[in-house]
Amino acid sequence: MPETKALSEPQKALLKLGLARDIDLALHLPLRYEDETRIVKLRDAREGETAQIEATVTDIQVQYRPRRQLVVTVDDGSDTCVLRFFSFYPSQQKALAAGTRLRIRGELKGGFLGWQMVHPSWRPAGGDLPEALTPVYSTVAGLPQAYLRKAVLSGLVRADLSETVPTDAPPAPAQATRWTLRDSLQFLHHPTSDVSLAALEDHSHPAWQRLKAEELLAQQLSQQQSRREHDALRAPPLAALRGGLHEQLLAALPFQLTGAQRRVGEEIATSLARDRPMHRLLQGDVGSGKTIVAALAAAIAIDAGWQCALMAPTEILAEQHFRKLIGWLEPLLAPRGLRVAWLTGSQRKKERTEMLALVASGEAALVIGTHAVIQDQVQFKSLALAIIDEQHRFGVQQRLALRGKMQEPGREPHLLMMSATPIPRTLAMSYYADLDVSTIDELPPGRTPVVTKLISDSRRDEVIERIRGQLAEGRQVYWVCPLIEESENVDLTNATATHEALSGALPGVMVGLLHSRMPVPEKKAVMSLFTGGQMGVLVSTTVIEVGVDVPNASLMVIEHAERFGLSQLHQLRGRVGRGAAASACVLLYSAGDSGRVGETARARLKAMAETNDGFEIARRDLEIRGPGEFLGARQSGAPLLRFADLLTDTALLEWARGVAPAMLDRHPALAAQHISRWLGGKSEFLKA
Ligand code: ADP
Ligand code: MG
């Protein structure tokens, strides 16, 4: 039996970084470079520059104030520099004795007392200077740069770097194909010192372009391949019946659909009528009216004699859907002997058993609930349409489980995913290539835009005055406190304290409190008082983030708004402005100890004050945060782009989108090689 050696600390760290194969190492590109090819004279150096000098020690002493430190003065013939070490050993003191010549590298700080370096690296002077820039890689604890450099170098030597982009593919833009993969990688790991560091750092260098083109191609290949696999699946075709439930529901609605709702409704109906499973993302700003579109899709499925499931991430949201859809659909379903079933985790056993029986017999044409919908015991008779609200709050596994609820082998239900966080077009193109996207880009008529105000926390009293004004007009108010996961207790105090303060400041007004730790029945009781209008002010942590619909609420106060993410703020703001009354959103910010709000927080607050448009918000959010978070649960295991930037590399992305299908058709082996090189085993995750 071969001896199995335990992995060393750095080997484990390599695996943690996902650097298992030679090619993974070769593709682990430097974050930045250090220029060790040159010795500079202190006289020519610039403040803040990381410089390499050669100099002679003229003085060495241990100082004790303001704290213990080793202070070494060196002179390179043009100027002197003081080196400070706050931790040091006797052996180092010896090696730094006066008269020694050193090669020293560190960040230069100028000041009243002349040049200084804190904890520079140093070694004896002399020896060859490297010809290439020294790469600096992103690493983790337990993996020293030197070890990583060696590992990358040997990976680079051993990896198969043969070309996979077919020769008959059109050339990539920006000269990306002038460089081979091998040359690009060798260059980027060890660039010569004459190259512009700026072109390396902003990834505009042709070698970078080449790698970005490769990366985007891998992603497109993987996505389009999964789309093809998906297209090979079958689903029951669901056609709307003339005079059926769909038409009856439309006729019964108290409002007219907006043009956008009609358009996406038709897109969905067209997909449902096919014998391939629909895989569609319905995106629309908060309040744009996605629920009725979902209900109309459900009506089509029910008309065709099948069941439909609707899953929402929280019980409050699921219940809201339940009420709304029951209101709309139950009167139409009852004459057909059909019902709506309700499944959640907090349900009593008896009710649950009843509901499960309804689902299994097919009597429940529509099943609404939380994660409880996908549990093993839930057996559908004939599920043909699965709808997921706030899809980014669900994981891949959960979506797969819902799709697996169709009982027939070889067939899958149609899938409609809804989201109020619009995905910018470039993101949709690259991450959701296997997905159709329908967009509601119009709000129902009669909405007055929400006015957003940024107000310092020190002016709380004015805000409370404002609340009084709204209450006097019979309106209702949300007050949201932040939730930070690590310190739930603190948040609770925060929300509770605010609740008490507001109760005190607003005598005679019912002020409610809602937070995630409350038992579900209590939450429901509070919600129903607010929805019913008896409760004037609702203080809550972010549990109201999604879905809550109380048109009479006209003011939203968000405390510590600087701590919230941009799309979260936008979603929260979407809770007001649902009726005809003029509505406002107050973002209370607190500058904290530093006396200043951080730069990204400021950018978020500014974006909120400047626009109400969810797409513009999403675009700015992408700018501020980068693409990772948009992908929601999908990012778990999904290969985020490491090198390409979807905002700026659109030309490369278009190229990759064009090349991928032809490559899958004509060069399947190269395509497989390319995908495996870039994505390894990770491409599976993209298929959900
Ligand atoms: P969201 O897209 O955020 O889920 P909802 O579906 O909850 O939005 O709709 C928000 C509110 O607008 C609901 O009260 C809904 O009944 C109402 N609504 C939806 N469509 C229209 C329409 N075309 N005209 C008027 N009101 C509408
Ligand atoms: Mg909704």
Side-chain angles (χ1 to χ4, degrees), residues 246 249-268 280-299 310-329 366 368-370 387-394 416-423 437-450 476 478 527 530-533 542-554 556 567-581 583 585 612-615 617-618 632:
H246 182 263
L249 175 54
L250 270 181
L253 283 181
F255 49 75
Q256 293 268 308
L257 293 188
T258 62
Q261 284 171 319
R262 258 199 303 276
R263 173 175 47 76
V264 301
E266 273 159 28
E267 288 166 9
I268 292 167
R280 185 174 291 274
L281 179 68
L282 172 58
Q283 57 179 22
D285 212 344
V286 270
S288 61
K290 294 183 289 295
T291 318
I292 182 61
V293 174
L296 287 164
L310 171 60
M311 182 162 76
T314 67
E315 191 143 344
I316 286 187
L317 186 53
E319 183 170 318
Q320 215 171 71
H321 282 315
F322 185 68
R323 286 186 198 289
K324 203 160 247 180
L325 297 190
I326 280 204
W328 284 334
L329 283 170
L366 180 59
I368 301 174
T370 56
I387 303 175
I388 304 182
D389 197 14
E390 303 295 339
Q391 65 93 20
H392 58 283
R393 312 250 298 215
F394 289 97
L416 179 63
M417 297 179 265
M418 304 198 281
S419 174
T421 307
I423 297 164
V437 179
S438 288
T439 304
I440 306 184
D441 52 6
E442 178 186 356
L443 290 179
R447 303 262 170 93
T448 32
V450 180
Q476 290 165 281
Y478 293 105
M527 251 347 271
F530 192 68
T531 317
T542 44
V543 280
I544 60 156
E545 181 185 339
V546 284
V548 178
D549 188 24
V550 180
N552 189 45
S554 59
M556 154 94 36
S567 71
Q568 210 182 6
L569 287 173
H570 180 66
Q571 294 236 344
L572 284 169
R573 176 170 61 183
R575 301 301 124 220
V576 290
R578 302 202 144 209
S583 301
C585 173
N612 268 309
D613 175 352
F615 282 87
I617 294 268

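As the structure lists them, so they are numbered: ligands from 1, and atoms in each ligand from 1.
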Q) At the 4.0 Å heavy-atom cut-off, does S288 count as touching ligand 1? A) yes

Q. Applying a strict 4.0 Å limit to heavy atoms, is A420 in contact with ligand 1?
A. no

Q) Is N612 reaching over with its side chain to a backbone N or O of V450, donor-acceptor style, under 3.5 angstrom? A) yes

Q) Taking the side chain from S583 and the backbone from A581, do they hold a donor-acceptor pair closer than 3.5 Å? A) yes

Q) What residues, two or more places apart in sequence or in another chain, satisfy salt bridge (Lys or Arg N to Asp or Glu O under 4.0 Å) together with R323? A) E319

Ligand 1 to [X] polar contact by distance, N or O atoms, under 3.5 Å:
{"X": "P444", "answer": "no"}
{"X": "G289", "answer": "yes"}
{"X": "T291", "answer": "yes"}

Using a strict 4.0 Å cut-off to heavy atoms of [X], name the atoms of ligand 1 that fall inside it.
{"X": "T258", "answer": "23 (N)"}
{"X": "K324", "answer": "13 (C), 14 (O), 15 (C), 16 (O)"}
{"X": "Q256", "answer": "22 (C), 23 (N), 24 (N)"}

**Q.** Parallel, tilted or perpendicular: ring planes of F530 versus Y478, cut at 30 and 60 degrees
**A.** tilted

Q: Classify the contact between M418 and ligand 1 as side chain, backbone, both or neither, using a heavy-atom distance cut-off of under 4.0 Å.
A: neither

Q: Please state which part of L257 comes within less than 4.0 Å of ligand 1, counting heavy atoms only: side chain, backbone, both or neither.
A: backbone

(Q) If I compare all heavy atoms of L443 with all of S288, which pair ends up nearest, and what's the gap? (A) CD2-CA, 3.7 Å

Q: Could you pull out all residues at least two apart from R263 that satisfy side-chain contact (heavy atoms from CB on, under 4.5 Å)?
A: A260, E267, D441

Q. Would you say the side-chain atoms of S419 and Q283 include a donor-acceptor pair closer than 3.5 Å?
A. no

